[in-house]
Chemist: 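Before we start, here is the structure in question, set down as structure tokens.
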Amino acid sequence: MSFPLLTATAALPAIGAIATAAVPAARRTAAKWLALLVSLATLVLAAIVLVRFDPDGDRYQLTESHWWIKDFGVRYELGVDGIGVALVALTALLIPFIILAGWHDADPLETGAESLSSFAAGRWRPTQGFFALILAVEAMVIISFEATDVFVFYIFFEAMLIPMYFLIGGFGDRAHEHGEETASTQRSYAAVKFLLYNLAGGLIMLAAVIGLHVAAGSFSLQEIAEARANGSLDMATNTERWLFLGFFFAFAVKAPLWPLHTWLPNAMGEATAPVAVLITAVVDKVGTFAMLRFCLQLFPEASKWATPAILVLAVISIIYGALLAVGQRDIKRLVAYASISHFGFIIMGIFAMTSEGQSGATLYMVNHGISTAALMLVAGFLISRRGSRLIADYGGVQKVAPVLAGTFLIGGLATLSLPGLAPFVSEFLVLVGTFANYPVIGIIATFGIVLAALYTLVLYQRTMTGPVKPEVATMPDLRVRELVVVAPLVVLLIFLGVYPKPVTDIVNPAVKQTMSDLEKKDPQPEVEAAK
């Protein structure tokens with residue numbers, strides 16, 4: 001039996017989470033280092049998966065298949081295609097930076113305040129639990145990107161909600177304008193809202209998963225695809241459409257797509273900056289990934305039937321998210337609404353039904369993860385220094401902390417998809433792919449780019465330029481640990497902006513196979529004959 005590399009990539013952070021949680025309470029620093037080392041080891045395994053993956057080989061590679069619940073036809077099946085392997089690599093890459101950025105986020109507010117009464121009063125939070133939960137989320141996200149059995153995917157798609165609930169509700173942002181008591185109430189509200197929205201989507205998906213098994217006789221993505229290809233599976237039109245809607249609803253909540261997005265600003269606003277990155281750069285990608293892997297592959301006809309309505313919702317997300325970002329007073333909520341706009345672009349690219357659109361959407365998932373991590377983590381460093389999330393409380397930061405301001409600017413410019421930075425390439429491909437089939441949708445979506453420039457540049461101007469406010473006059477610049485977090489992300493933004501080929505070479509073959517499942521061909525440009 002060959003080494004189960006995909007299982008190991010997900011199992012290592014899961015085992016690391018248990019080990020980190022078991023570290024004695026007095027050994028906080030040891031727990032941090034253990035979590036960091038586990039995340040780095042997971043990154044090494046993900047790199048091996050990436051190296052061993054052959055873009056021109058079989059659709060699903062490094063596959064594993066074992067019976068799990070034989071009586072119900074559930075198999076433990078894993079495998080990665082080009083899209084999955086790119087997102088596994090992204091997840092493994094971001095987690096070490098998230099851990100480093102949150103190094104002190106769960107430290108006690110008072111020295112020696114390690115008692116139950118201190119915990120109840122909010123002066124002490126168990127550091128080990130914070131880092132263990134992050135590793136648990138990593139494990140569940142990775143196996144979601146690897147699962148080729150629909151039931152296995154569903155289990156971990158839902159299970160990741162539990163650690164995320166505690167990360168949002170139990171380890172929220174300490175910078176709050178209304179005091180700790182109000183902050184605690186709002187954190188609890190944000191965590192419950194996150195959980196209820198995603199649980200509702202998951203319950204509807206569970207009904208669709210059961211319906212799929214009844215209709216297709218299997219949970220295996222590969223078996224269903226083979227049955228469809230050889231004609232032995234002929235799903236009724238209405239059945240396919242209802243099942244598609246059940247899956248899509250759950251993924252649209254996770255993504256998040258308007259009007260199912262309202263949990264995200266609360267969750268990102270009340271979470272610490274590293275956890276906010278975990279939400280939007282890692283966890284939410286499971287929703288858009290699943291649209292490509294499950295919605296389009298399992299229900300090709302229903303996907304084409306629903307495309308016009310989904311594109312309308314996507315373009316509303318783009319404009320709506322950008323407009324609300326322009327009007328925000330809170331830095332983290334601004335980034336949250338900007339992410340809603342960006343997810344609109346990703347979903348628009350997926351359902352543009354062109355190779356350029358779907359390649360751009362996949363590349364956008366990777367680039368958005370990196371750019372949002374860069375911007376939000378630097379914003380978190382800024383907020384931790386001033387103790388406020390309000391834009392109006394800043395001014396003139398670039399004069400006292402130029403490196404912080406410079407990295408904040410690069411993250412912001414990446415968010416608005418400036419040419420030369422990674423998100424530009426993906427956004428360009430999404431728009432080109434959309435214009436080919438749906439020019440009106442593409443034209444409306446371009447206004448989102450203008451609004452992105454507005455909210456990003458206004459944010460930078462109000463926080464970093466102008467007179468130095470007294471409260472920021474003594475603000476220190478980025479420290480070594482913070483530079484270690486930000487510098488690689490900035491390098492990646494520039495590298496993938498200039499040379500995206502390493503990622504596109506991996507994802508393009510998977511996109512072509514998805515287009516083949518849909519029986520769609522790219523529209524050919526009309527060339528006027530020479531006279």
Side-chain angles (χ1 to χ4, degrees), residues 7-48 91-143 159-160 162-174 271-279 282-283 373 377 380-381 384-385 476 478-489:
T7 294
T9 308
L12 181 58
I15 295 169
I18 296 170
T20 302
V23 173
R27 305 290 299 275
R28 289 191 303 273
T29 303
K32 297 176 185 179
W33 280 106
L34 176 59
L36 180 60
L37 290 174
V38 169
S39 69
L40 291 172
T42 305
L43 178 58
V44 171
L45 286 179
I48 295 172
T91 302
L93 174 70
L94 291 180
I95 295 299
F97 297 126
I98 289 171
I99 289 173
L100 269 176
W103 201 251
H104 298 298
D105 284 358
D107 286 350
L109 296 180
E110 296 179 5
T111 304
E114 296 184 1
S115 65
L116 289 177
S117 60
S118 296
F119 178 73
R123 298 192 299 273
W124 170 62
R125 295 184 288 184
T127 304
Q128 290 84 340
F130 178 75
F131 293 100
L133 290 169
I134 291 174
L135 290 176
V137 172
E138 179 182 22
M140 294 174 187
V141 169
I142 287 176
I143 206 165
M160 69 179 72
I162 299 170
M164 285 306 309
Y165 169 81
F166 288 109
L167 283 170
I168 296 168
F171 299 92
D173 196 350
R174 291 169 174 172
T272 63
V275 173
V277 171
L278 188 65
I279 295 169
V282 177
V283 171
L377 293 179
F381 299 148
S384 67
R385 285 159 165 74
L478 291 182
R479 303 178 179 91
V480 174
R481 173 179 60 86
E482 296 165 338
L483 282 170
V484 170
V485 171
V486 176
L489 297 174

Chemist: How long is the span from the OG1 atom in T272 to the CG atom in L167, to the nearest 0.5 Å?
Modeler: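 If we round to the nearest 0.5 Å, T272:OG1 and L167:CG are 7.5 Å apart.
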Chemist: Considering all heavy atoms of both residues, which atom of L100 and which atom of R481 are nearest to each other, and what is their separation?
Modeler: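 Nearest heavy atoms, L100 then R481: O-NH1, 2.7 Å.
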Chemist: For residues A31 and Q128, report the shortest heavy-atom separation together with the two atoms involved.
Modeler: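 Scanning both residues completely, I find the closest heavy atoms to be CB-CG, 3.4 Å.
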Chemist: Under a 4.5 Å cut-off applied to non-hydrogen side-chain atoms, are T42 and T91 in contact?
Modeler: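 No. Closest side-chain heavy atoms not under 4.5 Å.
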Chemist: Does any part of the side chain of F131, heavy atoms only, come nearer than 4.5 Å to the side chain of P126, both counted from C-beta?
Modeler: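 No - every pair of side-chain heavy atoms lies 4.5 Å or more apart.
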Chemist: Distance from F130 atom CZ to K32 atom NZ, nearest 0.5 Å?
Modeler: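 Going from the CZ atom of F130 to the NZ atom of K32 covers 10.0 Å.
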Chemist: Could you pull out the closest heavy-atom pair between I95 and S39, with the gap in Å?
Modeler: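 Answer, listing the atom of I95 first, then S39: CG2-CB, 3.8 Å.
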Chemist: Search all heavy atoms of A46 against all heavy atoms of A92 and return the closest pair with its distance.
Modeler: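 Answer, listing the atom of A46 first, then A92: CB-CB, 3.5 Å.
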Chemist: Check whether more than 12 heavy atoms from other residues, nucleotides or ligands sit under 6.0 Å from atom CH2 of W103, and answer yes or no.
Modeler: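 Result for CH2/W103: enclosed.
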Chemist: Among V485, V137, L278, exactly one meets side chain to side chain contact (heavy atoms under 4.5 Å, CB included) together with I98. Which residue is that?
Modeler: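 The side chain to side chain contact (heavy atoms under 4.5 Å, CB included) with I98 is passed solely by L278 among V485, V137, L278.
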Chemist: Are the side chains of P96 and L36 in contact, using a 4.5 Å heavy-atom criterion?
Modeler: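 Side chain of L36 against side chain of P96, heavy atoms only: contact under 4.5 Å found.
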Chemist: Could you grab the distance from atom OG1 of T9 to atom CG of L43, nearest 0.5 Å is fine?
Modeler: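 Between atom OG1 of T9 and atom CG of L43 there are 10.5 Å.
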Chemist: What is the minimum heavy-atom distance between L45 and A8, and which atoms define it?
Modeler: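 In terms of heavy atoms, the two residues are closest at CD1-O, 3.7 Å.
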Chemist: Decide yes or no for S384 and H104: does some side-chain heavy atom of the first lie under 4.5 Å from some side-chain heavy atom of the second?
Modeler: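 No, side chains not in contact.
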Chemist: How about V277 and F97: do any of their side-chain heavy atoms sit closer than 4.5 Å?
Modeler: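 No, side chains not in contact.
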Chemist: Which heavy-atom pair separates A101 from L377 by the least distance, and what is that distance?
Modeler: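 In this case the closest contact between A101 and L377 is CB-CD2, 3.6 Å.
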Chemist: Going by heavy atoms in the side chains, are D105 and V275 under 4.5 Å from each other?
Modeler: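 With C-beta onward as the side chain, the pair stays apart.
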Chemist: With side chains defined as the heavy atoms from C-beta onward, is the minimum distance between I134 and T20 less than 4.5 Å?
Modeler: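 Contact flag for I134/T20 side chains = no.
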Chemist: Can you list the steps and then say if L489 with L94 is a side chain to side chain contact (heavy atoms under 4.5 Å, CB included)?
Modeler: CA-CA 9 Å; L489 297 174; L94 291 180; 4.1 Å; yes
